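Data first, discussion second: the structure below is written as structure tokens.
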Amino acid sequence: MKAIRVNQHGGPEVLSYEDVPVPEPGEGEVRVRLAAAGVNYIDTYRRSGLYPTEPPFTLGSEGAGEVDAVGEGVEEFSVGDYVAWASAPGSYAEYVVVPAENLVPVNVTLVEARVAAAAMLQGMTAHYLTHSTFPLEEGHTALVHAAAGGVGLLLCQMAKMRGATVIGTAGTEEKARLAREAGADEMILYTEQDFVEETRRITGGEGVDVVYDSVGRTTFDGSLDCLKMRGYMVLFGQSSGPVPPVDLQILNQKGGLFVTRPSLAHYTATREELLWRAESILSWIGQNNLQVRIGGTYALSDAAQAHRDLEGRKTTGKLILIP
Ligand code: NDP
């Protein structure tokens with residue numbers, strides 16, 4: 001089968017389209033023939049070595065497809081079922097083996113497999129951020145950075161479902177338009193405008209209850225200045241680079257702020273929690289209450305181009321790879 005291998009850390013050029021053996025499912029595992037693999041920013045960190053994974057390895061962690069073989073002891077899934085997942089190393093491939101406990105059933109008459117592949121990781125991220133990390137309520141105002149990105153567009157929609165007011169940031173007018181369509185009440189072009197001043201102006205000087213910040217290095221300090229007293233700084237990514245160490249005294253000076261740095265794994269720690277988030281998302285998509293924008297569809301062999309586009313800020317919504 002074909003797969004995207006990383007034989008050494010580096011830029012997109014290290015992604016190598018190779019022949020590898022089809023993996024065999026072990027006990028408690030399922031083999032899936034992929035309909036689509038999701039591209040996520042974390043894949044770029046694993047490729048570059050920012051998140052250490054020893055090469056050689058097959059990249060990817062998210063996808064959806066049809067069960068092709070089941071290992072011993074698997075009762076929940078059978079050959080022919082459609083499934084999706086957010087956490088299975090080696091998903092940039094034609095086939096992947098996934099622990100059954102990481103799989104979610106997909107009703108493909110309601111949600112296409114490639115849409116399910118597109119929704120899992122970023123959808124569950126937007127879900128935990130808005131429902132659990134800082135559970136939004138009516139009356140809250142949230143600042144969402146990179147609001148037209150994969151997580152961003154879903155975050156805007158879910159924040160609106162919770163009744164919050166959403167201020168978004170984006171790099172271009174076109175991206176701002178997409179985020180407004182996803183529900184953002186106000187948009188700031190943070191490449192041209194000072195997002196701290198704009199957020200203060202929009203909120204009448206008060207600031208926001210929470211900042212969902214996936215951009216990291218270039219926005220972190222400003223994000224703290226956008227918060228109300230006792231506001232929540234939720235740093236969940238680093239698209240512009242990692243945030244340097246912070247003097248905690250700053251949180252006192254800026255108003256008794258809270259800071260957290262969560263990951264999806266912390267919020268899908270039990271099977272029950274994983275199914276709650278994944279099934280909520282799939283059912284909203286099936287009922288047309290959540291739109292998943294697939295902003296780029298690439299052949300598996302073009303994974304390097306998908307990475308260039310993602311890191312080059314050229315993309316909106318979700319990118320998927322088709323084996
Ligand atoms: P996005 O689709 O959001 O792409 C990244 C966007 O970030 C760009 O399009 C760009 O939007 C913005 N950006 C701002 N500065 C830069 C920069 N210097 N370089 C590149 N992009 C920049 O990606 P994802 O939705 O896949 O992921 C968003 C972030 O969320 C990532 O940092 C990822 O690691 C994180 N994440 C964290 C999870 C968690 O559980 N903690 C789970 C999933 C994702 P613009 O042009 O509008 O500024």
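What you see below is based on every heavy atom in this structure, not just the backbone, and it leaves out hydrogens, waters and symmetry mates. All ligand and atom numbering here is 1-based and tracks the order in the structure. The model shown is predicted, which means the values in this text are computed figures rather than measured ones.
Which parts of ligand 1 touch Gly150 is read off a 4.0 Å heavy-atom cut-off, strictly below it: atoms 1 (P), 2 (O), 3 (O), 25 (O). The Gly237 neighbourhood of ligand 1 comprises atoms 32 (O), 35 (C), with distances under 4.0 Å to a heavy atom of that residue. Interface of Gly149 with ligand 1, defined as ligand atoms under 4.0 Å from a residue heavy atom, comprises 1 (P), 2 (O), 3 (O). In summary, the atoms of ligand 1 found under 4.0 Å from a heavy atom of Arg261, numbered by their order in the structure, are 41 (N). Listed by number with element, the atoms of ligand 1 under 4.0 Å from a non-hydrogen atom of Ala170 are 47 (O). Taking every heavy atom of Tyr41 and a limit of under 4.0 angstrom, the matching atoms of ligand 1 come to 4 (O), 5 (C), 19 (N), 20 (C), 21 (N), 23 (O), 26 (O), 27 (O), 31 (C), 33 (C), 34 (O). Each of the atoms 39 (C), 40 (O) of ligand 1 lies under 4.0 Å from some heavy atom of Leu264. Annotation for ligand 1: atoms under 4.0 Å from non-hydrogen atoms of Tyr128 are 39 (C), 40 (O), 41 (N).
In this structure, Arg201 pairs ionically with Glu198, as a charged nitrogen and a carboxylate oxygen lie closer than 4.0 Å. A salt bridge links Glu66 to Arg33: at least one charged side-chain nitrogen sits closer than 4.0 Å to a carboxylate oxygen.
Considering only heavy atoms from C-beta on, Phe195 comes within 4.5 Å of Ser223 through its side chain. Residues Val22 and Arg31 form a side-chain contact, since some pair of their non-hydrogen atoms from C-beta on lies under 4.5 Å apart. Between His145 and Val211, some side-chain heavy-atom pair lies under the 4.5 Å cut-off. The closest side-chain heavy-atom distance from Pro56 to Asn7 is below 4.5 Å. No side-chain heavy atom of Trp85 sits less than 4.5 Å from a side-chain heavy atom of Met120.
Remark: distances from the non-hydrogen atoms of Ser263 to ligand 1 include one below 4.0 Å. Ligand 1 is never approached by Thr218 to a heavy-atom distance shorter than 4.0 Å. Using a 4.0 Å cutoff on heavy atoms, Tyr267 does not count as a contact of ligand 1. Ligand 1 lies nowhere less than 4.0 angstrom from a heavy atom belonging to Gly152. Not a single heavy atom of Arg217 lies less than 4.0 angstrom from ligand 1.
Of the polar atoms of Gln238, at least one N or O is found under 3.5 Å from an N or O of ligand 1, judged by distance alone. On a distance-only criterion, Asn40 and ligand 1 share no N/O pair closer than 3.5 Å. At least one N or O atom of Gln122, backbone or side chain, sits closer than 3.5 Å to an N or O atom of ligand 1. Where the criterion is an N or O separation shorter than 3.5 Å, residue side chain and backbone included, Phe236 meets it with respect to ligand 1. In terms of N/O distances under 3.5 Å, ligand 1 is approached by Arg313.
The number of heavy atoms from other shown groups lying within 6.0 Å of CD (Glu181) is above 12.
Lys175 NZ, 3.3 Å is the protein heavy atom nearest to atom 9 (O) of ligand 1. The protein non-hydrogen atom at the shortest distance from atom 42 (C) of ligand 1 is Thr125 OG1, 3.2 Å. Nearest protein neighbour of atom 6 (C) of ligand 1, counting heavy atoms only, is Ala146 CB, 4.0 Å. The shortest contact between atom 29 (C) of ligand 1 and any protein heavy atom is with Ser214 CB, 3.4 Å. Remark: minimum distance from atom 34 (O) of ligand 1 to any protein heavy atom is reached at Tyr45 OH, 3.0 Å. Of the protein's non-hydrogen atoms, Tyr190 OH, 2.4 Å is the one closest to atom 48 (O) of ligand 1. Scanning the protein heavy atoms around atom 47 (O) of ligand 1, the nearest turns out to be Gly171 N, 2.8 Å. For atom 19 (N) of ligand 1, the nearest protein heavy atom (residue, atom name, distance) is Ser239 O, 3.2 Å.
Ring-plane geometry between Phe57 and His9 is classed as tilted, the angle between the planes lying from 30 to 60 degrees on a 0 to 90 degree scale. Using the six-membered ring where Trp is involved, His131 and His127 have ring planes that are parallel, under 30° apart on the 30 and 60° scheme.
Contacts of Glu311 with ligand 1, taken as heavy-atom pairs under 4.0 Å, involve the backbone alone. At a 4.0 Å heavy-atom cut-off, ligand 1 touches Val151 through backbone and side chain alike. No part of Ala148 comes within 4.0 Å of ligand 1, judged by heavy-atom distances. Residue-level proximity to ligand 1 for Leu121 is carried by the side chain, the only part with a heavy atom below 4.0 angstrom.
Residues passing the side-chain hydrogen bond (donor to acceptor under 3.5 Å, both in side chains) test with Glu54, sequence neighbours excluded: none.
For the residue pair Tyr267 and Thr133, a side-chain donor N or O sits within less than 3.5 Å of a side-chain acceptor on the partner. Between Ser132 and Arg277, the side chains place a donor N or O and an acceptor N or O closer than 3.5 Å (distance only, hydrogens not considered).
Checked options Leu235, Val234, Asp213; the residue passing with Arg261 is Leu235 (criterion: side chain to side chain contact (heavy atoms under 4.5 Å, CB included)).
To the nearest 0.5 Å, atom CG of residue Asn289 and atom CH2 of residue Trp284 are 9.0 Å apart.
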